[in-house]
There are 2 protein chains.
Amino acid sequence: MTVSATEVARRVLLFEQALRSEGFRVSHQRLEVACEIARSDSHPDVETIYRGVRERIPTISLDTVYRTLGELERLGLIGRVIATPGPARYDSNQAPHHHFVCQRCGLIRDLYGECLDSISAPDQTAPVGRVEGVEVRFHGVCHECTRKEPRHE
Amino acid sequence: MTVSATEVARRVLLFEQALRSEGFRVSHQRLEVACEIARSDSHPDVETIYRGVRERIPTISLDTVYRTLGELERLGLIGRVIATPGPARYDSNQAPHHHFVCQRCGLIRDLYGECLDSISAPDQTAPVGRVEGVEVRFHGVCHECTRKEPRHE
DNA sequence: GTTACTGCAAACTTTTTGCACGACA
DNA sequence: TGTCGTGCAAAAAGTTTGCAGTAAC
């Protein structure tokens with residue numbers, strides 16, 4: 001929850017413009033879902049986004065949240081982070097970045113580094129397919145989890 | 001399905017030894033599941049492993065496959081590959097490696113490269129947690145999918 | 001006033017769990 | 001022979017879909 005207010009506003013405006021230009025209607029449900037995901041940098045899952053939006057729209061349904069997230073993903077406005085088992089998690093940070101994943105609690109933290117963005121694929125990759133992007137994932141244990149349970153094998 | 005026979009034998013023996021040393025019983029169901037995952041390098045999902053094992057043990061149940069894969073994972077003998085949405089996929093390749101993931105069909109190919117193994121985390125990571133490993137994931141479209149549907153936007 | 005969107009409910013997929021029978025040690 | 005593992009079935013978790021009323025344009 002440390003995304004700046006101006007960045008949130010910028011992202012929500014982008015969502016709204018994209019919806020309009022694609023012929024989608026701009027409902028307040030969609031705007032609130034967009035706002036909820038835009039303001040978070042903790043890669044929330046669908047249930048968490050649902051709870052957040054429900055504070056402002058108590059009648060919104062979980063399936064609307066699912067549908068909206070699916071639309072935003074198809075429009076390329078948010079990304080699905082596939083890094084932990086269980087529920088799908090989303091990321092509204094569309095700048096190239098990498099991740100640290102805590103193997104105990106599932107915390108995901110964005111990392112930046114040009115040297116990581118520019119890693120090129122080994123030669124073995126060429127016969128398999130065309131590379132379009134790279135993501136480096138560091139896994140380990142976050143300090144919070146280490147503090148709670150230092151010896152865990 | 002290009003894992004050499006000796007490598008499969010080596011992995012299955014390792015499974016068996018680990019089961020015994022941990023006090024687990026060596027049932028033929030467990031051995032067949034272990035064999036099925038050991039012989040594959042295509043990161044099969046549970047359903048695929050289930051179908052494979054059923055050719056040799058037609059009465060095996062899906063939940064036994066789930067349980068066995070969970071045990072093997074907890075013993076550190078196989079890894080769960082979290083790279084595609086949907087069913088969990090497993091990997092019996094425990095050597096350090098990286099992945100190419102096709103965004104259309106979900107194909108996953110192992111990649112090797114010492115320079116990838118030794119990537120160090122950016123300084124921003126230190127305050128977050130202790131890094132234990134790194135995996136580089138290249139995503140794109142495999143040649144097979146490009147051939148089938150060249151223009152896909 | 002249309003037409004797309006929402007909420008509800010039900011279905012579907014993937015995974016987990018409880019229990020009694022059967023198999024490993 | 002005792003205990004663990006298996007298969008069956010049911011439940012739980014996560015996600016998708018059909019439909020009728022509602023809201024955006």
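Labels below follow one simple rule: chain letters A, B, ... track the order of the sequence lines, proteins then strands, and each chain is numbered from 1.
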Exercise. Got a donor-acceptor pair under 3.5 Å from the side chain of Arg25(A) to the base of dT3(C)?
Worked result: yes
Between [options], spot the one nearest the side chain of [X], thanks.
{"X": "Phe24(B)", "options": "dA25(C), dG5(D), dG7(C)", "answer": "dG5(D)"}
{"X": "Tyr66(A)", "options": "dG2(D), dG14(D), dT6(C)", "answer": "dG14(D)"}
{"X": "Ser27(B)", "options": "dG5(D), dA24(D), dG7(D)", "answer": "dG5(D)"}
{"X": "Val26(A)", "options": "dC24(C), dG14(D), dC25(D)", "answer": "dC25(D)"}
{"X": "Arg20(B)", "options": "dA25(C), dT15(C), dG18(D)", "answer": "dA25(C)"}

Problem set entry | Arg20(B) charged N/C atom sitting above Phe24(B) aromatic ring, 6.0 Å / 45° | no
[atom1] of [X] versus [atom2] of [N]: gap in Å, rounded?
{"X": "Leu62(A)", "N": "dT17(D)", "atom1": "CG", "atom2": "P", "answer": "15 Å"}
{"X": "Arg67(B)", "N": "dC4(D)", "atom1": "CZ", "atom2": "P", "answer": "15 Å"}
{"X": "Leu19(B)", "N": "dT6(D)", "atom1": "CG", "atom2": "P", "answer": "10 Å"}
{"X": "Ile57(B)", "N": "dG5(D)", "atom1": "CD1", "atom2": "C1'", "answer": "13 Å"}
{"X": "Tyr50(A)", "N": "dT16(D)", "atom1": "OH", "atom2": "C1'", "answer": "16 Å"}
{"X": "Glu71(B)", "N": "dC4(D)", "atom1": "CD", "atom2": "P", "answer": "13 Å"}
{"X": "Arg89(B)", "N": "dT15(C)", "atom1": "CZ", "atom2": "C1'", "answer": "17 Å"}

Exercise. Would you call Arg11(A)-Glu7(A) a salt bridge at under 4.0 Å N-O?
Worked result: yes
For this session: Please work out which of the three classes, parallel, tilted or perpendicular, describes the rings of Tyr112(A) and His97(A), given edges at 30° and 60°.
Result: tilted
Exercise. With respect to the phosphate group of dG7(D), does any side-chain polar atom (N or O) of Thr64(B) fall under 4.0 Å of OP1 or OP2?
Worked result: yes
Exercise. Toward the 5' end of DNA chain D, which comes first, Asp63(A) or Asp63(B), by nearest nucleotide?
Worked result: Asp63(B)
For this session: Would you indicate what Arg30(A) reaches in the nucleic acid, counting non-hydrogen atoms under 4.0 angstrom: base, sugar-phosphate, or nothing?
Result: sugar-phosphate
For this session: Establish, from distance only, whether the side-chain atoms of His98(A) and Asp110(A) form a donor-acceptor pair under 3.5 Å.
Result: no
